[in-house]
Structures are given as structure tokens and as C-alpha cells.
Amino acid sequence: MSLMLSRDFFLDRYEELGWRFRKPEVKQSIRVNSANAEREEVIARLEAQGVRLNKISFLEEGYWVAKSKFSLGATPEYLLGLYSIQEAAAQIPVTLFSKIEGSHVLDACAAPGGKTVQLANLMKNTGVIVALDVKPRRLVALSNHLERCHVENTIVYMLDARKSSRLNMKFDRILLDVPCSGNFSTDSGWFSRRTINDVERHARLQRKILAEAVQILKADGEIVYSTCSLEPEENEFNVDWAVQTLDVELVDSDCYGEPAPTKIFGVELDGSIAKCKRIWPRLTQGFFVCKLRRKG
Amino acid sequence: MRTTRPNKQISDFLARFKATINLNEKLIVEKKNRYYLLNKNLMTQLQEDFYHAGVYLGKTKRSRFFPSFTLLAMVARGRVNKIVVDRKTGWLFICGRDIFKRGILKTAGSMRKGDHALVVNQYGECLGFGVLLCNLHEERDTQKVVLKNISDIGDFLRRERKRI
């Protein structure tokens, strides 16, 4: 498919989902690592260097970077783990878990570790996080990230999330920030590289990860499922499949974003799919997130 | 994986800074020459084939111990040889540069030639460490390099570049 055809194909789909293309202006954002420093202190230190930050209204520890004359990924404060550079929408999934302190958490697709560090912060380094990834290079990045941010409660294994039951563990909370086809707002070459076949390939992989996660979820456990894809095959269709097939139900996701559509491309989905949140790219990248728990 | 004796490597290394730190040896595990400090909770959950666990303390390579920045941060909280530097000097140190006498705000512990010292900023946060090139208190020339950089937190960026 030519670039124009590919672009039109996907943009037509988004229109069917109720969103008309507007060029997004994705802003850089940071998240203060509250386990390592007081939020006000970190902000004051950055502002004293001329960095202008604006609080992100829908995130407790997130700030938009309004102005900075230098890279925020190379300051002493960054290298000391006082904050992380984390896209605003990507900060949402971890905040959806309830009662996470002291719990046993699986971060099934963890590298490069932004959400793992966020989990450790919210857990105040209590409990246990088991973080998985498969690629050695990504594991190195994850390990560096944990060291930089002084995370204390995490065990990392090189293991495919589709095989996580091999750990012989049950988890209170499972984060599935699954591999996905991504979206055009943070990847300028997205339309020229992606086809519907990629989307479907990712969707199949994601279902396998979902099914495996449900097997190792404790009776009162919660799963947060998220992607940075805008494609319904990887989002609403997959969650609809999980709700119909696996022993889970959706819980309201009290966060930024709009309720996911329940009728897509003529297919009627379970009404509870509206509890998922779809975030169209504007100030943030495109994103999808939902929270599941065991039935009953 | 194995739990290890009070890792002589670590205590020998810390002795160079005149630092003492109580690490519960029963909670230290070694994997591929890397040392990790766990808590009791993590210890019960740990499986043989882990990649990283708890607090990474450092690694040994050709019998030399290379500390993690988390270990250095833990050590910096206690009594230890350390020099406190101003912001600009701290920044240059993170970029891999040595330290001139003029950038030092204050010192603690032994400052004799050949001693190791942690480098901390005005907030007491550890930026790395180095070796003293002179008896610091006897050195009058503020333009002279007095501490040679051995390791600094800018290494996090250099590691990333190496990976690319």
C-alpha cells in the first residue's frame, strides 16, 4: 500500500471512530519520583535553572515542560533519579491500580522501566514488583533505570510475558502495557511502516499475554491493560474478547480520556467497553487504557 | 545465584573512603559477579534465574569492585571521606572532568593524597567519587586539580550511548 493510501486508510478508520485528524502537538512531560525527593523541591530546583513547568491537571506527579534551554534528560537531578521523562498519557495506567502499597505486582512488559519506577514510587518501595522483558538490550535499559531511580523492591526476569505462569506466582496487580503497533503522533514514519497486518499480528500477541495474565491473577486481583495504539483491534476488540472469553470484567477507569466506543466498524461490543478510556493525540500521544478484575 | 560472604570486595572498597556501612550479608546475593541487596520479602520471592533484584550494589571485574551509584548514595549518608562541590563544579564532574580546588565548598573525613573521596553536591547527593591528587588542606593553589574523577553519574548517559 502506498504511503498516501496507508495514511488515508488509517485516518478513515479514525473518522469512523469519531475523531478527525488534527496535527497533534505532543508536549514533553516529566514525572517526579516522589520516593527520592519532595515534588516541590524538584520543581524549584529545575525552575531555578530556567526550566518552566506546568502541572498536568490529570496527573498527581506529572508536569508539562513549557520551556527548557537544555535537555532534561541530562541534568544532575535527572541522573540522580529525582524525576523521569515520561510521556503524559503513559503516566496514566499505573495510577489506576487501587491499594497497591505492599502488594505483589507483575509488570509483564516492563522495559525500559518508566512504569516500573512509577509503580515502585506509588508502592513506596514496599511489596514486590516482578518485571519481565525478553530482549537483552531492553533489560539493560530497565536495569539502568532501576539503578538511577534507586528502586528497591523489584526483581527482573528475562521472560516472555506469554509464559509468565512459569514463575509459579500469583499476583495482586498486573500491569499489561503490551507491545503494540504504536501511533503516528510520536513516530513520524508510522504511516509508511504500518499495515493492518502489523496491527492484527500485535493484536494476536496481546490476546495471548492477556490470557496468560488472567491465569496468574489472584481472586481479588486487578489488571491494567494499555497500549499506545489507536487501532481498535489492539484495544476495544481485544478487551471485548477478554470480557467474553476470560474470567474478567471491566471496572471504571477514572482517568483522563474519553469513553471507548461500543460499536466499531459495524460490530456491537459489550456495553462495558465504554469503561475503557481512549485518548486521541493532541497534547499527549494516542493511548488506550482500561482496568479489569476477576469476575465475582 | 548465591548468597555471599560479607563480600570482602565491597568492604575493602568502602575502606578506601574510611566508610563503614552495615549490610546484612544474608540478604546479599551474587549473580554473574554482580551483587544485589534484597529485603526479606524479596528474598522469599527470588528465583534462581533472575536478571536484577532489589538494590544493585556493584560488580566485580578482574578482581576489581565497581560500585553502583545506589551503593555510593547509601555510603554518602554516613561518615565518609567526601567533598562538597558547587553546582558548576558538580556539573563538570558529571561530564567526566576532574575537580579544581576552587570548586570545593567543604570537606569531611581524611583528605590526604591517595585517599578516595565521594563527591556530593550542596544537597548532599552523591555525584560519584575520585582519588585525591594532593594533601587537600595543604594545597593553596585554587586553580589546581585536586581530585581525579574515577566514576560519576554521567555514566548513565554514557552507558546509553554505548548501547546505541
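Each chain gets a letter, A, B and so on, in the order the sequences are listed, and its residues count up from 1.
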Among A:Glu147, A:Arg148, A:His145, who wins on heavy-atom pairs under 4.5 Å with chain B?
-> A:Glu147
Side-chain donor-acceptor contact under 3.5 Å, A:Arg31 with A:Gln91 = no
Considering only heavy atoms, which portion of A:Leu159 lies under 4.5 Å from any heavy atom of chain B: side chain, backbone, both, or neither?
-> neither
Which atom names give the shortest non-hydrogen contact between A:Asp247 and A:Val214, and what distance separates them?
-> N-CG1, 4.2 Å
Output side-chain donor-acceptor pairs under 3.5 Å for residues 110-124 of chain B, partner residues at least two apart or in another chain, one line each.
unit_1   : atom_1 : unit_2   : atom_2 : d
B:Ser110 : OG     : B:Asp115 : OD2    : 2.4
B:Asp115 : OD2    : B:Arg112 : N      : 3.0
B:Asn121 : OD1    : B:Tyr123 : N      : 2.9
B:Asn121 : OD1    : B:Gly124 : N      : 3.1
B:Asn121 : OD1    : B:Glu125 : N      : 2.9
B:Asn121 : ND2    : B:Glu125 : OE1    : 2.8

Contact check, side chains of A:Ile85 and A:Gln28, non-hydrogen atoms, under 4.5 Å | yes
For A:Thr154, is it the side chain, the backbone, both or neither that has a heavy atom under 4.5 Å from a heavy atom of chain B?
-> backbone
May I ask you to name which of A:Pro76, A:Gly73, A:Ala131 has the most heavy-atom pairs under 4.5 Å with chain B?
-> A:Pro76
Against chain A, label B:Ile94 side chain, backbone, both or neither, depending on which of its atoms sit under 4.5 Å from a heavy atom there.
-> side chain
Most heavy-atom pairs under 4.5 Å with chain B, out of A:Leu167, A:Val130, A:Asn125, belong to A:Leu167
Regarding B:Lys31 and the six-membered ring of B:Phe50, is the cationic atom NZ or CZ under 6.0 Å from the ring centre and inside 45° of its axis?
-> yes
Salt-bridge contact A:Glu77-B:Arg87 (side-chain N to carboxylate O under 4.0 Å) | yes
More than 12 heavy atoms from other groups under 6.0 Å of CZ on A:Arg294 | yes
B:Phe100 six-ring face occupied by B:Arg102 cation (under 6.0 Å, within 45°) = yes
Look at B:Gly154, B:Ala53, B:Cys95, B:Cys126 and state which one has the largest set of heavy-atom pairs under 4.5 Å with chain A.
-> B:Ala53
How are the rings of B:Phe17 and B:Phe129 set to each other: parallel, tilted or perpendicular (split at 30° and 60°)?
-> perpendicular
Residues of residues 64-80 of chain B under 4.5 Å from chain A (heavy atom pairs)?
-> B:Ser68, B:Phe69, B:Thr70, B:Ala73
